[in-house]
Protein chains: 2
Amino acid sequence: MTSVTSEQGTSTARRTTGGRPADGRQRVIDAAVAQFAEYGVEGTSLQMIADAMGVTKAAVYYHFKTKDEIVVAVVTPVLDQLLAILREAEAQRGQAARTRAFLTAFTRLVIGHRQLLTLLYDDVAVLRILHEHWPHFDEFERRVPLVLVGPDADAGRLVAAAVALTGIVAAAASPQFTHLGDAELEEHLLDAGLRLVGARRRR
Amino acid sequence: MTSVTSEQGTSTARRTTGGRPADGRQRVIDAAVAQFAEYGVEGTSLQMIADAMGVTKAAVYYHFKTKDEIVVAVVTPVLDQLLAILREAEAQRGQAARTRAFLTAFTRLVIGHRQLLTLLYDDVAVLRILHEHWPHFDEFERRVPLVLVGPDADAGRLVAAAVALTGIVAAAASPQFTHLGDAELEEHLLDAGLRLVGARRRR
DNA sequence: GTCTATATAAAGATAGAC
DNA sequence: GTCTATCTTTATATAGAC
């Protein structure tokens, strides 16, 4: 079995080697997430990130050599979590259990990063960068729908899975629902997802 | 009742005043759609559009004064169709009929423009431009979910509507399903949509 | 770790010839 | 209707001082 692994251990390592948390590197990431969510990756310049931090472009370049590196750093933690969710779900016995396990954890992850996940699903620039810099990202993309509906699913169920995944991510990011609390939105999203992939909701 | 109307009658007018179809203006639009779909609006430069047409940037600027104008011209025909669909659905008697009427026509529209609709739902640059240049676009955005689930829907049904709309659009654009024929993909998308907004499929 | 200053390339956009 | 040439602004990125 090919294994999908992140090569981006640097930031984690740095945080353990005595450096204070919320160091400069992390501050860049935080600022970048906010800008990316509002203007998209291509619509965000290093100048905008620097301005949001109250520093200059050169200060940003001290932490990251390129803009692509920032994108990878922004997205890697979520991808790692998604990978963990994927593995745990795949380890369940029975397709129904795998479906429920993945969808439950996935919805929770989406809620925990309302703006960030849409980068992964909607921003063409992010997808291009990940295909360039993230080893086995394409394999990763294939495994997600499979764990949801199983390897023997017909086209109809694969389409339903795609609608569920992309719909959940986009709806969570929609300004339409910013007023909804995390718990309530999470429940509704999970509900919608389960209805789509054919499972009944446990009460 | 406030009416949502396109101010962009120019291209239609030009096509009726004796000008050959597939004129330069339309050729720019066609080239732009292809580039926008692949690289996003911010990721597409006028140079790329010009190159795709085999002309220079200045030739493109003869037809459109700004890049924003191109985006509006690309998206306006679809928005007009969407508006027509919206009105026809709103005119139905009974919420079930409105839901079915809209979803059926919407899915067909999405299939007819697999790549284009995702610009409307996913591309933040397009949304910004439309909010700037399309009168009553925000009102338009509000009416779409409402016709799907009705004015008295609770949060759960509104979330389901959002998942359906965004999911259908994104799934239709997904490279995962490029091999599926229009008719089959349309059926599966409609199926998923109806399951989400609570209606049973007519056979 | 942050700054000023700068290099270099590409972006959007315009003027004017053909 | 398309071209060459050019303007202006902004982008990514680097060098080197503090």
Side-chain angles (χ1 to χ4, degrees), chain A residues 10-11 13-15 17-32 35-36 38-75 123-126 128-129 132-133, chain B residues 10-11 13-15 17-33 35-36 38-75 123-126 128-130 132-133:
Chain A
T10 336
S11 75
R14 190 164 304 199
R15 216 169 309 167
T17 40
R20 291 285 145 267
D23 54 3
R25 199 183 156 89
Q26 189 59 43
R27 288 183 50 236
V28 173
I29 294 177
D30 294 339
Q35 304 294 308
F36 289 166
E38 185 159 1
Y39 305 104
V41 167
E42 297 266 15
T44 301
S45 66
L46 292 184
Q47 188 66 67
M48 293 163 75
I49 295 174
D51 288 349
M53 297 174 63
V55 297
T56 65
K57 277 189 294 180
V60 176
Y61 272 111
Y62 171 77
H63 297 288
F64 296 94
K65 278 196 297 290
T66 66
K67 187 182 172 184
D68 279 15
E69 257 190 44
I70 300 180
V71 173
V72 171
V74 159
V75 135
D123 198 305
V124 290
V126 172
R128 198 212 70 228
I129 291 169
E132 261 175 45
H133 295 88
Chain B
T10 336
S11 76
R14 191 164 302 199
R15 216 169 311 165
T17 40
R20 290 286 145 269
D23 54 5
R25 198 183 158 88
Q26 188 59 42
R27 286 182 54 234
V28 172
I29 293 177
D30 294 340
V33 174
Q35 304 294 308
F36 288 165
E38 185 159 2
Y39 304 103
V41 165
E42 297 266 16
T44 300
S45 66
L46 293 182
Q47 188 65 70
M48 291 163 76
I49 296 174
D51 288 350
M53 297 174 62
V55 298
T56 65
K57 276 191 292 181
V60 176
Y61 272 110
Y62 170 77
H63 297 287
F64 297 94
K65 277 196 294 291
T66 66
K67 188 182 172 184
D68 279 14
E69 257 190 44
I70 300 179
V71 173
V72 171
V74 160
V75 135
D123 197 305
V124 288
V126 172
R128 199 210 71 229
I129 291 169
L130 287 178
E132 262 175 45
H133 295 87

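These numbers come from the heavy atoms of this one structure, side chains and all, not from hydrogens, waters or symmetry mates. Computed from a predicted structure; not experimentally measured.
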Inset, instruction - Indicate the atoms forming the closest heavy-atom contact of Met53(B) with Ala31(B), along with that distance. - result: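 Smallest heavy-atom distance, with atoms named: CG-CB, 3.5 Å.
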Inset, instruction - Identify the two heavy atoms, one from Ala73(A) and one from Ile29(A), that lie closest to each other, and give their separation to 0.1 Å. - result: CB-CD1, 3.9 Å
Inset, instruction - Classify the nucleic acid contact of Lys57(A) as base, sugar-phosphate or nothing, counting any heavy atom under 4.0 Å across all strands shown. - result: base
[N] [atom2] sits how many Å from [X] [atom1], rounded?
X	N	atom1	atom2	answer
Lys67(A)	dA13(D)	NZ	P	9 Å
Ile70(B)	dA11(C)	CD1	C1'	13 Å
Tyr61(B)	dT14(C)	OH	C1'	9 Å

Inset, instruction - Can you sort out which residues in residues 39-52 of chain A have a heavy atom within less than 4.0 Å of DNA chain D? Ascending by number, please. - result: Thr44(A), Ser45(A), Leu46(A)
Legend entry - Val55(B) side-chain proximity, nearest of dT2(D), dC3(C), dA13(D): dT2(D)
Inset, instruction - Kindly point out which of dA13(C), dC3(C), dT2(C) is positioned nearest to the side chain of His63(A)? - result: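 Looking only at side-chain atoms, His63(A) lies closest to dT2(C).
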Inset, instruction - Using a cut-off of strictly less than 4.0 Å, decide whether Tyr62(A) has a side-chain nitrogen or oxygen near OP1 or OP2 of dT2(C). - result: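 Result: no.
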Inset, instruction - Any chance you could measure Ile49(A), atom CD1, to Phe36(A), atom CZ, to the nearest 0.5 Å? - result: 4.5 Å
Legend entry - Distance, nearest 0.5 Å, that separates CG of Asp30(B) from CD of Gln35(B):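 Reported value, rounded in 0.5 Å steps: 12.0 Å.
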Legend entry - Student check: side-chain heavy atoms of Glu38(A) and Met48(A) closer than 4.5 Å: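 No, too far: nothing below the 4.5 Å cut-off.
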Legend entry - Comparing Ala58(B) and Lys65(A) on DNA chain D - which has the more 5′ nearest nucleotide: Ala58(B)
Inset, instruction - Spell out, as yes or no, whether a donor-acceptor pair under 3.5 Å connects the side chain of Lys67(A) to the backbone of Val41(A). - result: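 Here the side-chain-to-backbone pair exists.
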